[in-house]
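On a predicted model such as this, the values are computed, not experimentally measured, just so you know. Every number for a ligand or one of its atoms is a count from 1 in the order of the listing.
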Amino acid sequence: MDNGNSGVNGSSSAILESPSTGNDVDMVETREWLDSLSSVLQTSGIDRAEYLLTQLRLKAHTAGVNIPFTANTPYINTIPPGKQPAYPGDRQLERKIKSLIRWNAMAMVVHANELDGTLGGHISTFASSATLYEVAFNHFFRGPETPGGGDLVYFQGHASPGIYSRAFLEGRLNEQNLKNFRRELEPAGGLSSYPHPWLMPNFWQFPTVSMGLGPIMSIYQAKFNRYLQDRKIVPHSDRKVWCFLGDGECDEPETLGAINLASRERLDNLIFVINCNLQRLDGPVRGNGKIIQELEAAFKGAGWNVIKVIWGSEWDPIIARDRTGILLHRMNETVDGEYQKYAVENGAYLREHFFGKYPELLKLVEDYSDEELTKLRRGGHDPLKVYAAYKAATETKGMPTVVLVKTVKGYGLGEAGEGMNITHGQKKLKAKHLLDFRTRFNLPFSDEDVSKARFFLPDQNSPEIKYLHERRKALGGYLPVRSSKAPELKTPGAEFVNRYVTGSGDKAPSTTGVFVDMLGQFLKDKDIGPRIVPIIPDEGRTFGMDPFFTTFKIYSHVGQLYEPVDAKMAVTYREATDGQILEEGITEAGAMSSFIAAGTSYTTHGVQTIPFYSYYSMFGFQRIGDLAWAAADLRTRGFMLGATAGRTTLSGEGLQHEDGHSHLVASTVPNLVTYDPAYAFELAIILRDGIRRMTGPNQEDIFYYITLYNDNYPMLPMPQDAEEGVLKGFYKLKKSSIEPTEGKKVHLFGSGPILVHTLKAQQMLAEQFGIAADVWSVTSYRELRREALEVDRWNMLHPTSTPKVSYLEKTLAQEQGIFIAASDHMRSVPEMITRWVPGGLFALGTDGFGRSETRPSLRRHFEIDSECITVGTLYQLSKKGMIEPSVVAEAITKLGINPEKISPMTA
Ligand SMILES: Cc1ncc(C[n+]2csc(CCOP(=O)(O)OP(=O)(O)O)c2C)c(N)n1
Ligand SMILES: [Mg+2]
């Protein structure tokens, strides 16, 4: 990639009146070419010049001329002063408002840390981006009352104090809220450190503080907005998605990883604003290069419209004087580490070190005083420049726009940290710094107000407050604001489950196959059908979902511009503008972002959609765990389906594919409901209940993780009264066929395809060892644990009340014997319930690396096949003194298990 410097000199010289540098062998000829261009520019304008240059380039290229590639333009504003629109607002009032917001934001952080030095908070991020937000609030962000819906804004997480501070002036938050910044457990209500819809569900819309997630989510959000419009679920509108992010944040793979999609899909409803303050947490983002140039090349290469806002208006006359290009040259060659230094130093320093490098350049500013040079602002602190960029961005058609804005981190903090490497963490300002801040922004506060860092709220009738409300009223209301009003859906009735309660007879499908059948039912349902959003990251065929390509079609904004190679086949690859399936390609992060967009349409669009995101379970939580966490925070509703689950069930695919721990990771997400079903009726009950809970009258803010398998076995009929157990987490599937002798009673817990082995073990134990065992199907250890933990907690805090009893304890209280569990996941999964199982639970599972092998070999390797379950059971009986250890030893030999085999845990 371009390092931000190369090629810039070359391209800038083309616009000079006379080139000042280079090895020009024929200056007269050069002069003539440049004069021709000047004449075209003057007589026919920019478009004609562009056309001619394109023709020249083509001709040169065909003749074998190697034109050096650069995706960079010179290091100046994209919009020249001549093309800058007039500023529509009252700049004086806006400055006053902005200064107050700056003050209160800073005071919030100072207060919090005076109270308790460990609370943290950030001043410098918002200090650098205040103008970026205020111009947008006063002139661009459309609020929720806008017809067709308001803009969706991803605020940079660390800028939250500024956003709270504005809401305070707007009267949407009170002083107590501000005082309780980062004190969310305070009775009067506090404010979350960063944007978290989970914690402030009426305020924040999008969590952004895990860097990189905001950008990728916003891209797929913009795509999903189009999807809903193209599918006529919501009317067409011009609502925009704005994503504010940091320049340091651009190093996260998620930030830039999906930018091609945005241009491919022509998402002109998407605007990125990158606050290029040249710093991240520890120091410069690109001390030795230029982040703006680097990002320009990356975004331009990806097909975005790039608008650079580098210099404030004070620079315009100096740039205009630059007849030779020496200033451009200097701007291009200076690296960010130096620019950072200029932000910290004064005008005299700038004169000596920046302008002073070339005598010609020094002359350009000879009539400027040092003070005037000190006041040369960066583009991001100049509302005129920011306004011009946003206006151009919102008017751009056919492509997304990125606005790259140069700012100073900690702007206004002066000696307390402005532009300094320590500024990101600055949260305690001394009295002198507070006074300086007041002077810098002309704040009308007394010394006492300042020393106490008092919050300042002007009178409701003051011009500032009136202006602020007027602007928001004109733009459709306040932001950010979140609502969860969406009409409930008519969810599937019992007849849906009834299709599956009789079992599969002599057929042997897999739960993945069964799921695809169920998804087909949902898609055909006249009520919820149009709201189903199937999402796949290029694994549709693996899961047998390819027939849907033909019937429900793959969404593409442009439809299908080609005849698919399989057009004549029964199942053909169909893309369509109203396609229902989101086939995201090989990007789990992208597909998860689409899942989030679809699962939150109830809040972003006021209509519910139900995403079914099916993927390789191994590439779920461990790959995109942070997005799953964000989905939870966002109150996303929908189904994540970890297909091809099971460390031994996926068999041949080996170490990187075989998942035996996704349930463990999934169990860390508080509002995620997880199931590991074995049979069609279980899955049907779970899906029906899930749809009801999430989209029915209660619209619960939960989402689901369900594992599916590709092992084929007969789907058993539903035992009587199993429904409650399926949902609560377990039920008795099959009683022992024999009566226990001498109290030797066993309970075998199984889930997923391992239940088949558990049933076989039950038979072995009865037939070969005379042991009576009941088999239970455990659909969710996690759900059992969740309820039992709640009950324990309540009992602990209400010791004198009649204790509550969980479903798990109540059910097991009626049983006697020993308990053995086996699953295709790590032992820790069944062990989630050990403490409530009388006598404990002995778990068999798949701890260790998977490998390529057949299912029977793998199940023996991990010791979860029926023989090993039998041996595990006998071993437990021997430990309880109910049988002799020699019986276990004999069984090991009889069942052909090698006791010296390698341990799967470390192999
Ligand atoms: C994934 C992730 N990693 C690390 C952090 C910690 N962190 C918070 S702010 C920050 C620096 C941000 O720099 P930049 O994106 O340039 O934003 P600025 O504050 O300069 O506007 C870091 C590393 C985080 N929030 N998220
Ligand atoms: Mg930064």
Side-chain angles (χ1 to χ4, degrees), residues 4 102 105-106 109 119-133 136 154-163 182 192-196 204 206-218 242-257 272-287 289-295 298 309-310 336-337 339-340 343-344 378-381 386 402-413 417-427 589 592-593 623-631 633:
R102 284 181 186 283
M106 182 267 298
V109 179
L119 283 178
H122 299 86
I123 298 172
S124 293
T125 301
F126 180 70
S128 67
S129 53
T131 303
L132 307 188
Y133 288 114
Y154 291 70
F155 294 97
Q156 196 186 349
H158 296 78
S160 61
I163 312 305
R182 296 191 169 220
S192 62
S193 50
Y194 303 117
H196 293 300
W204 291 116
F206 304 105
T208 45
V209 80
S210 178
M211 317 223 117
L213 301 194
I216 191 168
M217 288 191 295
S218 72
W242 296 79
C243 181
F244 288 76
L245 58 146
D247 48 358
E249 186 171 2
C250 293
D251 286 343
E252 291 287 359
E254 289 87 349
T255 304
L256 300 185
F272 269 24
V273 180
I274 308 187
N275 176 17
C276 299
N277 53 25
L278 316 186
Q279 291 178 243
R280 45 187 164 79
L281 195 151
D282 284 341
V285 176
R286 294 288 182 274
K290 282 207 283 299
I291 187 64
I292 291 182
Q293 298 300 84
E294 181 177 321
L295 292 175
V309 180
I310 302 180
D336 282 354
Y339 279 123
Q340 189 188 345
V344 174
R378 292 193 175 166
H381 302 298
V386 174
V402 58
V403 185
L404 301 171
V405 205
K406 185 161 164 162
T407 62
V408 176
K409 191 151 178 167
Y411 187 72
L413 295 188
E418 184 162 348
M420 306 288 284
N421 281 336
I422 51 88
T423 196
H424 187 86
Q426 180 62 286
K427 40 191 131 300
M592 188 65 190
S593 300
R623 173 101 191 195
I624 47 88
D626 206 14
L627 275 165
W629 190 254
D633 187 351

### Query
How far apart are the closest heavy atoms of I216 and E254, and which atoms are they?
CB-O, 3.4 Å
#### Entry: Validation row: T208, P215 side chains within 4.5 angstrom (heavy atoms)
no
### Task
Search all heavy atoms of H158 against all heavy atoms of P161 and return the closest pair with its distance.
O-CD, 3.6 Å
### Task
Please work out whether the ring planes of W242 and F244 are parallel, tilted or perpendicular, with thresholds of 30° and 60°.
parallel
### Task
Using the test ring pair (Phe, Tyr, Trp, His ring centres under 6.0 Å), find all partners of H381 that sit at least two apart in sequence or belong to another chain.
Y411
### Message
If we only look closer than 2.8 Å, how many protein N, O or S atoms does the Mg ion (ligand 2) have near it?
### Response
3
### Query
Under 3.5 Å, side chain of S593 to main-chain N/O of A589, donor-acceptor pair present?
yes
## Note on the structure
Residue pairs meeting salt bridge (Lys or Arg N to Asp or Glu O under 4.0 Å), one or both in residues 277-287, sequence neighbours left out, come to D251-R286, R286-E294
### Summary
Ordered by chain then number, the protein residues lying under 4.0 Å from ligand 1 by heavy atom are T125, Q156, H158, V209, S210, M211, G246, D247, G248, E249, E252, N275, N277, Q279, R280, L281, K409, H424
#### Entry: Minimum heavy-atom distance V109-K427, with the two atoms named
CG1-CB, 3.6 Å
### Query
Looking at L278 and Q340, what are the two nearest heavy atoms and their distance?
CD1-N, 4.3 Å
